[in-house]
K.L.:
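I'd like to ask some things about the structure below.
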Amino acid sequence: MPDNKFFWDAAKEDRFVGQRCGDCGHYRFPLRPMCPKCHSLNTEEVELSGKAKVVSWIRPRHPMPFGFKALPTVVVVELEEGFRFVSNLEGIAFEDVTAGLEVEVAFVETMGKAKVPVFRPLGGGA
């Protein structure tokens, strides 16, 4: 999709980016051409902090997620920029995950040699 190509291009370079309205400053997620707040088409591509807090988490069990050797921990995180993002959490046992856990973005390679953002506990992890 043309609206999110810049996101995946940046991920290949280990950069976490997003969209912000060039008129009102509202962050746009999911990525889209029009601001949901003021309806402006003025879009800015911006670097995101990559820092977040865990809001919710789950471990999908059936069917086994394709491409994973072990069950992933899927999280909803709230980014410092004020919107939520769904990804995987690495570097911590599922039993040790808590609401409010501070995490930071990292990038891992997929089977197809692309890169995707994942989150790890702030200041450490695998």
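All values reported here derive from a predicted model rather than from experimental measurement. Both backbone and side-chain heavy atoms feed into the values below; hydrogens, waters and symmetry mates do not.
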K.L.:
Taking atom CD of Glu13 and atom CZ of Phe107, what is their separation to the nearest 0.5 Å?
P.N.:
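CZ of Phe107 is found 10.0 Å from CD of Glu13.
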K.L.:
Hydrophobic cluster membership, with links at side-chain heavy-atom distances under 4.5 Å among I/L/V/M/F/W/Y: are Val86 and Ile58 in one?
P.N.:
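Linked, Val86 and Ile58 end up in one cluster.
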K.L.:
Considering residues at least two apart in sequence or located in another chain, which fulfil the ring pair (Phe, Tyr, Trp, His ring centres under 6.0 Å) criterion with Phe85?
P.N.:
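Per chain and number, Phe85 pairs via ring pair (Phe, Tyr, Trp, His ring centres under 6.0 Å) with Phe16, Phe29.
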K.L.:
Looking at residues at least two apart in the chain, or sitting in another chain, which of them share a side chain to side chain donor-acceptor pair (under 3.5 Å) with Arg32?
P.N.:
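Here no residue qualifies.
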K.L.:
Given the rule that I, L, V, M, F, W and Y join up when any side-chain heavy atoms are under 4.5 Å apart, are Leu101 and Trp57 in one cluster?
P.N.:
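Shared cluster, yes.
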K.L.:
Applying side chain to side chain donor-acceptor pair (under 3.5 Å), name anything that partners Arg28, two or more places apart in sequence or on another chain.
P.N.:
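Only Thr43 meet the side chain to side chain donor-acceptor pair (under 3.5 Å) criterion with Arg28.
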K.L.:
Mind checking whether Phe6 and Gln19 have side chains closer than 4.5 Å, heavy atoms only?
P.N.:
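Yes. Closest side-chain heavy atoms under 4.5 Å.
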K.L.:
Would you check if Asp14 and Lys115 make a side-chain contact, meaning some heavy-atom pair closer than 4.5 Å?
P.N.:
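Side chain of Asp14 against side chain of Lys115, heavy atoms only: contact under 4.5 Å found.
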K.L.:
According to a 4.5 Å side-chain heavy-atom criterion applied to Ile, Leu, Val, Met, Phe, Trp and Tyr, with indirect links allowed, do Val108 and Val97 form part of one hydrophobic cluster?
P.N.:
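Yes, Val108 connects to Val97 through the hydrophobic network.
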K.L.:
Find the distance between CG (Leu48) and CZ (Arg20) and round it off to the nearest 0.5 Å.
P.N.:
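CZ of Arg20 is found 9.0 Å from CG of Leu48.
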K.L.:
Shared ILVMFWY cluster between Val76 and Leu89, side chains joined below 4.5 angstrom?
P.N.:
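No, Val76 does not connect to Leu89 through the hydrophobic network.
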K.L.:
Salt-bridge test for Arg15 and Glu47: reply yes if a basic N is under 4.0 Å from a carboxylate O, no otherwise.
P.N.:
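Salt bridge: yes.
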K.L.:
When rounded to the nearest 0.5 angstrom, what is the spacing between CD in Glu102 and CZ in Phe119?
P.N.:
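These two atoms lie 13.0 Å from each other.
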K.L.:
Using side-chain heavy atoms (C-beta onward) and a distance below 4.5 Å, is Asn88 in contact with Thr73?
P.N.:
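Sidechains of Thr73 and Asn88: no contact.
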K.L.:
Take Val46 and Val17 through the test side chain to side chain contact (heavy atoms under 4.5 Å, CB included) and record every step on the way to the result.
P.N.:
CA-CA 6 Å; Val46 295; Val17 299; over 6 Å; no
K.L.:
Residues in side chain to side chain donor-acceptor pair (under 3.5 Å) with Asn42, at least two apart?
P.N.:
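Per chain and number, Asn42 pairs via side chain to side chain donor-acceptor pair (under 3.5 Å) with Asp23.
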K.L.:
Under 4.5 Å between any side-chain heavy atoms of Cys21 and Lys37, yes or no?
P.N.:
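No, side chains not in contact.
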K.L.:
Please determine which of Val54, Leu79, Leu122, Val75 meets the side-chain contact (heavy atoms from CB on, under 4.5 Å) test together with Val103.
P.N.:
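For Val103, the side-chain contact (heavy atoms from CB on, under 4.5 Å) check succeeds only for Val54.
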K.L.:
Mind listing the closest non-hydrogen atom pair of Cys24 and Cys38 along with its distance?
P.N.:
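Reported closest heavy-atom pair: SG-SG, 3.8 Å.
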K.L.:
Is any side-chain heavy atom of Val77 closer than 4.5 Å to a side-chain heavy atom of Val55?
P.N.:
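Counting from C-beta outward, Val77 and Val55 never come under 4.5 Å.
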K.L.:
So, the side chain of Glu104 versus the backbone of Gly123: is there a donor-acceptor pair under 3.5 Å, distance only?
P.N.:
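The answer is yes, because a donor-acceptor pair under 3.5 Å joins these two groups.
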K.L.:
Can you list every salt bridge (Lys or Arg N to Asp or Glu O under 4.0 Å) pair that touches residues 71-81, not counting sequence neighbours?
P.N.:
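For residues 71-81: Glu78-Arg84.
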K.L.:
In chain order, what residues pass the salt bridge (charged side-chain N to carboxylate O under 4.0 Å, His left out) check against Glu95, with sequence neighbours excluded?
P.N.:
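Not a single residue meets the salt bridge (charged side-chain N to carboxylate O under 4.0 Å, His left out) criterion with Glu95.
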K.L.:
Any link between Val74 and Val116 through a network of hydrophobic side chains (Ile, Leu, Val, Met, Phe, Trp, Tyr) touching at under 4.5 Å?
P.N.:
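Each belongs to a different hydrophobic cluster.
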K.L.:
Can you name the nearest heavy-atom pair linking Leu41 to Pro33, along with the distance?
P.N.:
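Reported closest heavy-atom pair: CD2-O, 3.5 Å.
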